[in-house]
Every structure is written in structure tokens, then in C-alpha cells.
Amino acid sequence: MPYLIVSDIHGNIEALEATLADAEGRYSHIFCLGDLVGYGADPNPVVEWARSATAAIVRGNHDRACSGTDSLETFNLSARASAVWTRSALTSENRTFLERLPRGPLRVTGAESETGFDLAHGSPLDEDDYLMTPSDLQFLRPYLDTQLTFFGHTHVQGGFLLARNGVKRIHPWPVLQLEGDYMYMVNPGSVGQPRDGDPQAAYAIYSPEERTVEYRRVPYDVEQAAAKILEAGLPQGLAARLFEGV
Ligand code: ZN
């Protein structure tokens with residue numbers, strides 16, 4: 001049975017619910033690449049969902065910042081404002097759950113017939129590094145010990161194929177067929193704050209049996225998610241960007 005791969009939900013319960021409804025009946029386990037909270041107005045419902053629903057999850061930089069594990073020095077003003085707000089909104093149980101999330105990469109070992117795969121937030125070498133362009137992955141191949149790593153953090157659906165002679169961007173056509181000779185860094189995109197120009201929630205379905213990754217987009221109630229951000233007194237830009245997917 002395939003797996004549901006989600007990342008960067010960022011407190012957006014409307015986007016998460018639309019994603020789960022779209023994927024319903026198509027997966028056996030859920031894996032999450034971090035940033036459950038920050039930016040969005042529903043951190044508690046998203047963390048509560050993660051506590052009960054995910055099979056494995058790695059922490060993101062916003063999970064650290066919003067649980068108070070990290071200082072906010074590297075955050076821009078609106079990210080900082082939302083982290084401060086999220087810290088005060090989180091229940092102590094949910095804050096503790098975020099504090100204890102493991103750092104990526106995390107190995108998921110499959111059944112005997114399957115090879116394992118890795119979960120990371122940013123780069124497998126540094127959870128805070130953004131893998132944006134092929135040159136960011138130029139020296140990564142020797143450090144990968146699984147053929148398939150899922151990562152997030154950039155909020156851009158797609159990822160990269162690592163061949164012996166170089167790195168190529170993967171365009172998120174509906175279905176990616178994994179082939180033996182390559183290593184794959186696959187980004188399912190962001191559920192709750194896409195930044196690749198498409199405002200629809202992004203996620204992926206990975207089938208170990210078929211050796212495929214299916215990239216999915218699903219519309220959700222952006223108006224409601226944006227209205228809640230404004231109601232909470234969070235920066236306006238965090239609401240506006242959801243309509244544009246930037
Ligand atoms: Zn993020």
C-alpha cells in the first residue's frame with residue numbers, strides 16, 4: 001500500500017483537511033517532513049493530528065522556533081511574529097511534542113521486499129539548508145545512502161535527480177517513475193503555504209511496490225485560512241501570500 005508524504009503544513013488546517021480528503025483510501029501510513037506550525041492560525045489542531053496520525057515525522061525549523069527550542073534570530077519579521085504568536089497559542093502537550101521531534105534525516109525501513117527511504121526537512125546534511133537549485137546538491141550524492149530521500153523546507157514541489165554525471169531538477173509531472181541508476185531527492189511541496197506559484201495544497205503519494213511518486217495538488221478554502229490569520233492579528237502578508245502561492 002502506498003504512503004502519504006506531506007510537508008510544511010504550517011498551521012493551515014483547511015489545507016491539511018483538503019489534502020487528507022483528496023488522498024483518502026490511497027495510503028497505509030503518513031510520513032511528515034516537518035514545519036507543522038508557524039505562519040498559520042491553527043497550530044494546535046495540526047499538531048494534534050500529527051500526534052495521532054503520522055507514522056514518522058522529522059522536525060522543521062519552525063517547529064524548533066515555535067516550541068522555544070531555538071532563538072528567532074534567523075527569522076524575518078513576519079516569521080518571527082508568527083512564531084511568537086504560535087508559542088503563546090500552543091498547549092503545553094503540543095509544545096512538548098514539537099520539542100521532542102527528531103532531527104532529520106530519519107530512516108524509514110520498509111517491509112522485506114522494499115528498500116528503505118529517508119525523511120529530511122532541509123538537506124540531509126543540514127536540516128536548515130534550502131535545496132533550491134541543482135548546484136545546491138552538487139556534492140550531496142556521496143553522503144546519501146538510500147536511493148530515495150524526501151525533503152521539504154523550500155515549499156516547492158518537485159525535487160532533484162542525482163545521476164553520476166550531474167544533478168537535474170525534477171518537474172512535478174503527475175507520476176515520477178524511479179529508476180535503478182539514479183538517486184532521488186523528492187519534495188512533495190508544501191501543504192499549507194505553497195511557494196511555487198500554485199496556491200493549491202501540495203503533497204505526494206509514494207508507492208514502494210510500483211516504484212512511483214505521484215505529485216498531487218488540491219484546492220482548499222484559502223479564504224477561510226487567510227481570514228483566520230488576520231483574525232489572529234498575524235501579519236497581513238501571511239494571509240495574502242496564500243492566494244498567490246508565493
Ligand atoms: Zn516551511
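Positions are given from 1 along the sequence. Please read all numbers here as calculations on a predicted model, not as lab measurements. Counting starts at 1 for both ligands and their atoms, following the listed order.
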message: Applying ring pair (Phe, Tyr, Trp, His ring centres under 6.0 Å), can you list everything that pairs with His62, at least two apart in sequence or on another chain?
response: His10, Tyr39, Phe75
- request: Using a strict cut-off of less than 4.0 Å between a Lys/Arg side-chain nitrogen and an Asp/Glu carboxylate oxygen, indicate whether Glu99 and Arg59 qualify as a salt bridge.
  value: no
- prompt: ring pair (Phe, Tyr, Trp, His ring centres under 6.0 Å) with Tyr184: which residues, sequence neighbours excluded?
  reply: none
- line: Exactly one candidate in Leu36, Val84, Val37, Asp35 meets side chain to side chain contact (heavy atoms under 4.5 Å, CB included) with Cys66; the answer is Val37
- request: With Phe151 as reference, evaluate Leu131, Asp118, Val58 under the side chain to side chain contact (heavy atoms under 4.5 Å, CB included) test and give the passing residue.
  value: Leu131
Ring pair (Phe, Tyr, Trp, His ring centres under 6.0 Å) partners for Tyr203, two or more places apart: none
query: Which atoms of the protein, restricted to N, O or S, are nearer than 2.8 Å to the Zn ion (ligand 1)?
result: Asp8 OD1, His10 NE2, Asp35 OD2, His155 NE2
